[in-house]
> 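The structure follows.
We use all heavy atoms of the structure for the numbers below, so side chains are in, but hydrogens, waters and symmetry mates are not.
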Amino acid sequence: MSSAATPSTETSPQLLLKLAAITKRFGPLIANDAIDLDVHRGEIVALLGENGAGKTTLMNILFGHYVADEGAVMVAGADDNILATLEPGAPQAALDAGIGMVHQHFTLAENLTGLDNIVLGTEPIFRLRRDRTKARAKLDHLMSGSGLNVDLNQPVHKLTVGEKQRVEILKALYRDARLLVLDEPTAVLTPQEADSLFAILRKLAATGLAVIIIAHKLAEVLAVSHRIAILRGGKKVGEMTTDQADRRSIAELMVGRDVPISKRRERTPGAEVISLHNITIDRGDARRSLHNVSLLAREGEILGIAGVSGNGQAALAQLIAGLDRPDSGTVEIFGEPVTKFDAHQFAQNGIARIPEDRHHDGMIGSMTVAENIAIEDVRSRDYQKFGFLDFDAIRKRAEHAIADYDVRCPGPDAPARLLSGGNIQKLILARVLEKSPKLILANQPSRGLDVGAQSEVHRRLLEAREGGAAVILISEDLDELLTLSDQIAVIHAGHVSPVIAAGDIDRSELGLMMAGQKKNEHNADTRAAGGPA
Amino acid sequence: MIRFEPRTNPSAFLVYGVPVMAAAFAIILAAIPLSLAGAPILPAYGLMISGAFGSLFSISEMLTRATPLILTGLAAAIAFRAKLWNIGAEGQLYMGAMAAVAVGSGVIDAPSYIMIPVIMLAGAAAGAMMLIGPIIMKTRLGVDEVVTTLLLNFIVLLFVQMMLEGALKDPMSMGWPQSEPIIDSAILPPLLERMRVHLGLIIALISAFALAIFVKRTVWGFEIRAVGENAAAAKFSGISVTKTMVLVAMLSGGLAGLAGVSEVAGTRGYLATDLSPGYGYAGIVVAMLARLSPIGVIISALFVASVFVGADSMSRAIGVSNYLADLIVAMSLLCVLIGGFLTRFKIHFGRQKSAG
């Protein structure tokens with residue numbers, strides 16, 4: 001066990017949660033295989049694993065959403081520290097035992113205030129008047145103790161993502177959570193917001209709160225946790241204190257093999273492939289608008305677009321994918337101004353488009369893998385004769401693609417909905433990269449993918465860059481941007497910053513720009529502050 | 001607590017077996033209203049079967065009834081495939097019939113092999129035209145086509161009434177609001193002597209097979225399937241959703257228009273406002289029973305037609321209301337919808353909740 005890994009040295013660690021030999025099967029699949037996990041008071045434990053490693057199943061068992069086939073969940077009592085088995089399959093029992101959860105997708109009513117959201121469900125339904133002074137006092141106490149500051153009188157839709165997350169955490173603490181589970185808490189935050197979240201979690205842990213963070217990004221796990229447990233294929237394959245951990249060994253434990261690290265080789269960029277000149281798109285909604293944006297991507301170059309989601313990336317992607325036209329400004333591809341914004345034309349002219357939401361925009365679940373691979377080209381002569389589809393050609397292409405891109409599927413005729421997220425992405429790569437595109441629009445190409453599929457996506461993008469393609473990489477993942485990009489521009493509220501060579505930028509600088517500061521301003525700021533904020 | 005879990009890959013038995021079982025179950029359920037009406041149940045079923053299949057005449061009647069149902073069923077099936085909810089087949093059928101009468105009642109005369117294609121084209125074009133308005137409103141303004149196509153049915157029916165009282169009225173009809181008859185060379189000839197089943201059946205069958213091949217094997221069919229299954233992904237891949245919708249609308253309206261041509265030039269011989277006892281609406285049921293498969297439409301149209309013809313004949317024989325036929329058809333639709341739901345979802349009873 002890992003009692004050595006406790007944060008506070010002065011008091012002896014008290015066991016709060018014990019998962020004992022939890023096993024859960026779904027038919028032939030063993031989602032959790034005899035997993036043990038201990039969590040002590042005041043401890044932050046990171047639960048690491050790829051998609052499908054069993055993290056979510058384990059947490060669902062903890063919350064009583066699933067009943068474990070074997071094993072037990074034991075929680076120490078609030079007063080007596082005696083471990084008692086939690087009633088299986090009863091979410092209410094988990095809540096009563098002081099287990100709180102912050103989901104990746106928040107569960108807040110947007111039109112209510114933060115305070116309303118927090119007390120919602122804790123007050124009796126039939127009451128004559130609202131008395132919230134008590135609730136308010138309790139929350140003020142919580143906020144002042146932890147640094148979880150947020151204006152609770154604002155309607156939730158006016159809060160930033162980071163603030164919404166604080167409301168979620170407050171909601172759990174208000175219900176006297178002693179164990180807080182956070183599912184991918186930094187997925188939607190800027191690096192600065194993530195740092196401040198970590199500071200808060202450290203403070204909360206110091207007061208005795210136990211925290212489990214479900215994560216797949218290594219860097220932040222190393223930054224915040226006391227102990228790391230790694231799941232792979234339903235088994236716990238490793239557990240260590242954070243100070244003994246190193247990135248490389250954790251990555252290997254997660255994936256089960258050596259992870260190839262993508263390396264960008266220096267290369268002089270070639271001719272201009274696409275340029276945007278003073279593009280403005282106004283759709284009345286910040287996530288779908290661009291303001292006076294100019295950009296340039298050249299052959300053999302990866303241009304990274306960094307930004308917190310919802311800052312106009314969607315508008316930029318739609319434009320380059322040929323799905324929207326600018327209100328003003330021009331787009332030039334190979335020096336020719338584009339007059340017709342048409343997705344079919346764009347695809348045929350050598351623009352490979354990898355959609356942000358691969359399930360929603362990237363594939364048609366009930367059509368076959370082969371049809372999904374050929375979908376952009378069914379009108380071309382290679383795949384049809386006199387309007388009749390050439391199924392042999394479509395199937396042949398699919399067989400090649402399945403082999404070359406290692407798409408795991410029952411076969412070319414299987415419906416695409418059977419594929420996992422990583423394999424859908426490989427299918428999309430096979431669809432668009434096979435044609436040696438000159439420009440690649442990759443919108444969040446590795447989001448939600450496991451480490452293995454992610455490194456495959458990165459390898460393919462770098463390979464295309466080597467082959468002379470221009471790549472526009474829109475991503476929220478700074479690690480991804482910094483490893484792949486030759487140049488980075490930051491998008492914030494529809495404005496795109498001047499392009500910066502990747503060598504000249506560091507993470508915190510990028511983070512500040514993502515939060516809306518201009519490059520020169522924050523340079524001055526950091527110099528004045530003399531260090532990180 | 002009841003929990004629904006989607007099935008990722010329903011078996012062939014579920015996909016094909018469920019509609020058949022649903023139809024059979026609906027027929028069994030018909031025993032309840034039969035017994036409430038005081039009819040002897042088993043003899044009533046016997047009369048229904050013999051009414052639909054008992055003689056060459058009853059089979060011919062059944063096939064005559066199935067003909068327009070196949071065409072309106074196809075009209076609904078192709079539209080629903082693309083998620084274009086065309087509820088206006090009834091109106092499109094009447095427009096098709098009116099166009100057939102307009103060109104086929106003596107304005108021009110030519111041999112049959114010219115006249116029949118001419119009235120078919122005219123009818124299909126008129127039916128398709130009925131969807132131009134709804135499709136423009138849908139794609140440009142986002143107006144729900146369910147509303148526009150449904151309401152157009154009433155407009156068309158009143159328009160037909162007006163025309164039958166005016167421009168199209170047969171002076172020899174002794175005051176009845178009906179059109180001049182279709183001339184002989186434009187009549188769809190009967191397939192059997194002294195039987196009503198006519199060339200329209202062959203046209204309907206060819207349409208069904210042609211549509212099946214079109215949907216499955218052509219580029220346009222591919223695009224229709226793509227748009228229907230996931231319009232966002234189809235659009236992203238470069239398929240024009242608007243163009244595909246227009247194509248589907250033209251096909252759907254055209255097929256419903258053909259149903260009108262087939263009725264007016266094959267069964268009735270002239271146009272009146274009682275030409276269709278709701279074939280346009282029944283086509284929706286036929287398409288749903290067939291799970292929107294063009295070949296399935298043939299089978300489900302035959303089923304619906306035999307229920308109608310069989311129940312008609314049974315009700316005459318034992319004096320039960322022939323609304324029983326409507327009841328059985330409606331119950332089959334409900335059973336198929338429930339069955340379809342069960343094919344797509346597994347049901348779990350118990351207190352477990354799905355994963356949050």
> List the atom of A/Val378, the atom of B/Val219, and the distance in Å for their closest heavy-atom pair.
O-CG2, 3.6 Å
> Can you run down the side chain to side chain donor-acceptor pair (under 3.5 Å) pairs that involve residues 240-257 of chain B, sequence neighbours left out, and say none if there aren't any?
B/Asn86-B/Ser252
> Taking all non-hydrogen atoms of both residues into account, name the closest pair between A/Ala343 and B/Gly238 and its distance.
CB-CA, 3.6 Å
> Less than 4.5 Å to any heavy atom of chain B: does that hold for the side chain of A/Met363, its backbone, both, or neither?
backbone
> Do A/Ile375 and B/Phe222 have side-chain heavy atoms sitting under 4.5 Å apart?
yes
> Quick one: of A/Asp377, A/Asn372, A/Asp361, who has the most non-hydrogen atom pairs under 4.5 Å with chain B?
A/Asp361
> Measure across A/His360 and B/Ala232 and return the closest heavy-atom pair with its distance rounded to 0.1 Å.
CE1-CB, 3.3 Å
> For B/Met288, I'd like to know if atom CE has over 12 heavy atoms of other residues, nucleotides or ligands within 6.0 Å.
no
> Is it the backbone or the side chain of A/Tyr383 that comes under 4.5 Å from a heavy atom of chain B, or both, or neither?
neither
> With rounding to the nearest 0.5 Å, note down the distance linking CZ in B/Phe236 to CD in A/Glu376.
7.5 Å
> If you compare all heavy atoms of B/Ala234 against all heavy atoms of A/Ile364, which two are closest, and at what distance to 0.1 Å?
N-CD1, 4.3 Å
> How would you list all residue pairs meeting salt bridge (Lys or Arg N to Asp or Glu O under 4.0 Å) that involve residues 212-229 of chain B, not counting sequence neighbours?
A/Glu371-B/Arg225, A/Arg379-B/Glu223
> Can you tell me how far the OG atom of B/Ser237 sits from the CZ atom of A/Arg353, to the nearest 0.5 Å?
7.0 Å
> Assess whether atom CZ of B/Phe25 is packed by more than 12 heavy atoms of other residues, nucleotides or ligands within 6.0 Å.
no
> With heavy-atom distances below 4.5 Å as the criterion, would you say the side chains of A/Leu389 and B/Thr218 are in contact?
no
> I want to check something: taking the side chain as every heavy atom from C-beta on, are B/Lys235 and A/Leu323 in contact at a cut-off of under 4.5 Å?
yes
